[in-house]
Amino acid sequence: MTGTPVFRRRPLSLASAAALSALAALALAHGAARAQEADTASQGTERKGFTVVPRVSVTETWTDNLALSPAGSRDKALITQVSPGITLSSQSGAVRGMFDYTLDGLVYLKSDRQSRLQNQLNTRGTAELVPQALFVDVQGNISQQSVSAFGQQAPSNQLDNPNRTEMRTLQVSPYWRGTLGSLANFELRAAGQIRNSSENTSGIGGVGANSGDSKDGSLSLNIGGPQGRVLNWGLQASTRRIHFDQTGIDNRTTTVQGSLTWVPDIDWTLGTNVGRERSDYFGSDTSTVYGFSAKWTPTPRTRIEGDWQHHSYGDSHNLSIEHRMTQIALRASNSQSVTTNDAPTGQASNYQLLDLQFSGIEPDPVKRDALVRAVLAAMGLNGDALTGNGFISNTAMLQKRTEVSIGWNGPRLVATLAANDSTTTRLGVSPTGTGDLSLTNRIRQRGASISLAYRFTPLSSGNLTYTRQHTVGDDIGSTDMKSLMANVAIRLGPRSDANLGLRHTRYDDGVFANSGYRENALFASLTQRF
């Protein structure tokens with residue numbers, strides 16, 4: 001069938017319109033102080049959709065257990081953290097995206113710990129080199145991550161935890177989009193990614209310097225029939241190679257397949273595919289791959305989609321459900337796939353829940369990012385809200401993961417609940433003494449986070465957050481960390497915020513003897529934007 005289908009179009013219901021209006025009003029209420037800030041910024045730092053927001057924050061933290069030691073040998077200390085940062089965003093032109101960088105300087109008083117620097121980076125952007133033809137996507141990230149799932153876990157990057165390392169990731173992906181006359185559309189894409197850690201840490205399983213360092217490269221070609229057809233076809237070819245520096249392992253995967261897509265209704269998209277794949281996770285192997293997919297969007301606020309693929313090294317699947325209402329956003333997913341990076345730290349963050357909820361009123365991702373960050377700052381919420389600490393890997397893994405997250409956004413109350421359950425197994429044979437998966441064939445991690453934020457006045461709010469992380473390894477044992485944090489956020493002016501809080505953490509270690517600890521802390525911070 002080659003004719004253009006005529007779909008029925010559904011008018012926006014009164015309930016949907018009311019929901020969007022309520023979200024818009026809520027966003028404007030939470031961002032009222034931000035509006036004055038934006039007006040000032042537009043006079044000098046915002047030109048044609050380009051915004052620059054420098055900032056600096058100072059945090060004082062008192063902890064009764066800087067070294068995370070067992071009872072009786074605690075190291076009390078005062079920590080001074082100075083964090084200059086900058087956020088750049090471009091909403092128009094040939095380059096669109098955002099760049100957010102923070103440099104944390106940590107000074108330890110009443111302690112013999114040496115001062116240190118930490119980097120935080122989150123950037124993503126797209127450059128249009130040739131209009132509607134040649135593009136480049138760039139993503140970068142620098143963050144503190146756990147080396148081992150069974151090593152000591154900590155509630156803050158300020159604490160002296162030898163199980164943490166600074167992981168840096170850079171990915172560059174140029175691609176060319178075009179048409180083959182009136183017959184087909186195509187995309188030719190290359191991608192390169194470099195990951196490395198900077199700390200010389202030593203943990204369980206012989207993980208040390210350069211743990212998790214890898215180089216990843218891929219090339220893919222996708223060809224498909226013109227858009228708008230009820231029944232469409234596609235051809236895909238891809239090859240990928242990843243090299244792990246510490247172990248010397250190389251994994252290569254090459255796939256060629258064809259696909260058919262059927263759109264019987266504007267709400268439904270159904271697809272199937274079949275092809276051949278060559279992989280070397282368990283030695284060189286060439287096999288048939290096949291699968292199917294489905295997507296259902298009954299309303300602009302609801303999306304259900306899933307896919308299943310057969311592979312010789314393990315079937316993969318992904319099922320996800322998203323729904324947002326006037327004040328509630330819901331996200332649930334169940335997946336199994338091959339991963340070559342460190343185990344994820346949890347998708348169900350406060351940032352992502354608000355991003356989902358505000359997607360109906362602000363479709364532009366850059367503008368929505370600014371809106372979400374303004375609400376997080378006003379409510380004193382942690383955007384990350386980690387629900388699992390993950391670990392660094394130096395081998396390919398097969399991971400099963402279930403996630404559920406719910407967010408409630410009212411005029412005064414913001415509540416989020418996030419939970420996940422993941423099981424990770426090694427693919428192939430890993431050399432002895434190279435990470436957690438050299439000591440156990442299976443690692444199960446469960447995490448949960450509950451956060452309640454309440455606005456007392458237009459300029460002040462309180463937040464209570466409880467998190468729990470539990471890790472179990474076959475024939476190794478388990479670890480469990482519980483943390484409770486309460487804080488008050490106060491807006492001192494259009495560009496300045498203060499934060500006061502306390503936390504209590506309990507860590508029980510069933511893997512290493514005498515590694516459990518208790519920690520209490522008081523903290524105060526001041527942030528100034530320019």
Side-chain angles (χ1 to χ4, degrees), residues 25-41 51 53-63 78-87 100 102-107 120 155-158 327 349-351 353-354 357-358 369-386 407-416 449-467 483-505 520-530:
L26 175 63
L28 291 176
H30 282 302
R34 183 73 171 177
Q36 180 180 353
E37 182 179 331
D39 291 340
T40 305
T51 304
V53 182
R55 65 180 180 277
V56 63
S57 65
V58 178
T59 303
E60 290 289 340
T61 302
W62 176 86
T63 176
L78 185 65
I79 308 170
T80 299
Q81 177 176 320
V82 180
S83 303
I86 188 170
T87 300
D100 187 273
T102 303
L103 176 64
D104 296 326
L106 297 170
V107 179
Q120 298 182 49
S156 171
N157 294 330
Q158 294 180 337
Q327 295 178 309
S349 67
N350 290 334
Y351 178 95
L353 285 171
L354 291 176
Q357 197 162 17
F358 290 152
D369 174 81
L371 176 61
V372 171
R373 292 181 184 277
V375 174
L376 289 172
M379 300 300 291
L381 285 170
N382 179 4
D384 294 333
L386 299 182
W408 167 277
N409 199 342
R412 285 180 173 268
L413 178 68
V414 175
T416 61
S449 174
I450 302 174
S451 183
L452 297 174
Y454 186 78
R455 285 204 316 147
F456 303 119
T457 71
L459 299 179
S460 64
S461 62
N463 176 39
L464 182 67
T465 300
Y466 172 79
T467 61
S483 183
L484 181 65
M485 184 183 73
N487 68 288
V488 176
I490 304 172
R491 171 144 291 187
L492 303 178
R495 300 185 178 188
S496 57
D497 299 286
N499 202 309
L500 306 172
L502 54 87
R503 70 166 178 263
H504 170 73
T505 303
N520 300 288
L522 302 173
F523 58 88
S525 66
L526 176 65
T527 301
Q528 176 68 47
R529 294 175 294 277
F530 302 96

Chemist: Does a donor on one side chain sit under 3.5 Å from an acceptor on the other, for Asn499 and Ser525?
Modeler: no
Chemist: Would you kindly say whether Asn463 and Ser451 are connected by a side-chain donor-acceptor distance under 3.5 Å?
Modeler: yes
Chemist: Counting C-beta onward and ignoring hydrogens, is there a side-chain heavy-atom pair between Trp408 and Leu413 closer than 4.5 Å?
Modeler: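 Touching, per the 4.5 Å side-chain cut-off.
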Chemist: I'd like to know if the side chain of Arg491 reaches the main chain of Ser460, judged simply by a donor and an acceptor atom lying under 3.5 Å from each other, with no hydrogens or angles considered.
Modeler: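 Judged by distance alone, no pair lies under 3.5 Å.
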Chemist: Can you tell me how far the CG atom of Leu526 sits from the CG atom of Leu492, to the nearest 0.5 Å?
Modeler: 6.5 Å
Chemist: Would you check if the side chain of Arg455 reaches a backbone N or O of Ser461 as a donor-acceptor pair within less than 3.5 Å?
Modeler: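 No; judged by distance alone, with no hydrogens or angles, the pair does not exist.
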Chemist: Can you find a pair of side-chain heavy atoms, one from Met485 and one from Leu464, that are under 4.5 Å apart?
Modeler: no
Chemist: For Asp497, is there an ion pair with Arg55 - N to carboxylate O distance below 4.0 angstrom?
Modeler: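 Salt bridge: no.
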Chemist: Counting C-beta onward and ignoring hydrogens, is there a side-chain heavy-atom pair between Trp62 and Ile79 closer than 4.5 Å?
Modeler: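 A side-chain contact is absent here, since even the closest heavy-atom pair is not under 4.5 Å.
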Chemist: Is there side-chain contact between Leu452 and Thr465, with heavy atoms separated by less than 4.5 Å?
Modeler: no
Chemist: Would you say the side chain of Gln81 lies within less than 4.5 Å of the side chain of Val107, judging by non-hydrogen atoms?
Modeler: no
Chemist: Nearest 0.5 Å, please: how far is OG1 in Thr87 from CG in Asp100?
Modeler: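 One gets 3.5 Å once the value is rounded to the nearest 0.5 Å.
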Chemist: Between Phe523 and Leu502, what is the shortest heavy-atom contact and its length?
Modeler: CE2-N, 3.5 Å
Chemist: Checking side-chain polar atoms at under 3.5 Å, does Thr527 have a donor or acceptor matched by the opposite partner on Arg495?
Modeler: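 No pair is found: no donor N or O on one side chain lies under 3.5 Å from an acceptor on the other.
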Chemist: Working to the nearest 0.5 Å, report the span between OG1 of Thr467 and CZ of Arg503.
Modeler: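 These two atoms lie 10.5 Å from each other.
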Chemist: Which pair of heavy atoms, one from Thr505 and one from Pro155, lies closest together, and at what distance?
Modeler: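 Taking every non-hydrogen atom into account, OG1-CG, 3.2 Å.
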Chemist: Is a donor from one side chain sitting under 3.5 angstrom from an acceptor on the other, for Asp104 and Thr102?
Modeler: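 No, because no side-chain N or O of Asp104 sits under 3.5 Å from a partner of the opposite role on Thr102.
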